[in-house]
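Just below is one structure, and these are the notes that go with it.
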Amino acid sequence: MTTFDTLFFSFFNQIKKRYKQRSNTISVAYISLVQCSLVLLLGIFFSEFLAQMKVNTMSSSKAWTLFILVSIALYFRNWMYYSGKKRKILNTKTKSNNPQYSIVSLILLPIVTIAIAILFLIKIS
């Protein structure tokens, strides 16, 4: 199991108590947000790195378009991956041997990565 699987099922088990039927949809949106924030952070980091190296790769508008397309692809990949039998099989594996994270740390993870990405973006401007 990957780190994202562990994060997904930790979040899923935390909110399953409160939102019974919508917990899978909310968890898919959460893991997509985490992955998109990491993609944003890496994209901005490499953009700044390549700008420092005087490498001209792509324009800013093309980079944002690529980020939006990757974000949509990540959401649909997660929707396909964490729905149905595969989620149920992974859920039984998760309950037996993986640690559960607190809801506070799960919520802070995308917030902190987006904050760092914004700080990098401000540094570029």
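All figures in this text were calculated on a predicted structure; none of them were measured in a lab.
- With hydrogens and angles disregarded, no donor-acceptor distance shorter than 3.5 Å links the side chain of Ser47 to the backbone of Gly43.
- Contact annotation: the side chain of Leu109 approaches that of Tyr30 to within less than 4.5 Å [non-hydrogen atoms, C-beta and beyond].
- Taking the six-membered ring for Trp and thresholds of 30 and 60 degrees, Phe49 and Phe46 have ring planes more than 60 degrees apart, a perpendicular arrangement.
- Expressed to the nearest 0.5 Å, how far CZ of Phe45 lies from CG of Leu50 amounts to 9.5 Å.
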Is there a side chain to side chain contact (heavy atoms under 4.5 Å, CB included) between Ser71 and Val39 once you walk through the steps?
CA-CA 8 Å; Ser71 299; Val39 167; 5.9 Å; no
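- Looking at Asp5 and Tyr81, their side chains come closer than 4.5 Å, going by heavy atoms from C-beta outward.
- Put simply, Leu106 and Leu108 are part of the same group of oily side chains (I, L, V, M, F, W, Y) that touch within less than 4.5 Å, one to the next.
- In this structure, CH2 in Trp64 is found 12.5 Å from OG in Ser59, a value given to the nearest 0.5 Å.
- Counting all heavy atoms, side chain and backbone alike, Ser83 lies closest to Asn24 at OG-ND2, 3.8 Å.
- For the pair Ser37 and Thr113, the tightest heavy-atom approach, listed with the atom from each and the gap, is OG-OG1, 2.9 Å.
- Gln35 places a side-chain heavy atom less than 4.5 Å from the side chain of Phe4.
- Linking Ile, Leu, Val, Met, Phe, Trp and Tyr residues whenever their side-chain heavy atoms come within less than 4.5 Å places Tyr101 and Ile107 in a single cluster.
- Atoms CD1 and CD, on Ile26 and Gln14 in that order, are 13.5 Å from each other to the nearest 0.5 Å.
- By the 30° and 60° cut-offs, the orientation of the rings of Phe12 relative to Phe8 is parallel.
- Summarising the geometry of Phe67 relative to Cys36, their closest heavy-atom pair is CE1-O, 3.5 Å, with the distance given to 0.1 Å.
- Between Lys16 and Ser23, the closest heavy-atom pair is CA-CB, 3.9 Å.
- Connection of Phe11 to Tyr19 is established within a shared hydrophobic cluster, with ILVMFWY side chains joined at heavy-atom distances below 4.5 Å, either directly or through further cluster members.
- Taken to the nearest 0.5 Å, the CG atom of Leu42 stands 9.5 Å off from the CZ atom of Phe120.
- Ile44 and Ala117 get closest at one heavy-atom pair: CD1-O, 3.5 Å.
- The aromatic rings of Phe9 and Tyr82 sit perpendicular, their planes meeting at an angle over 60°, well past the 30° parallel limit.
- With a 4.5 Å cut-off on side-chain heavy atoms, Ile114 and Leu33 count as touching.
- Val104 and Ile31 fall within a single hydrophobic cluster, where Ile, Leu, Val, Met, Phe, Trp and Tyr are joined by side-chain heavy atoms under 4.5 Å apart, directly or via other members.
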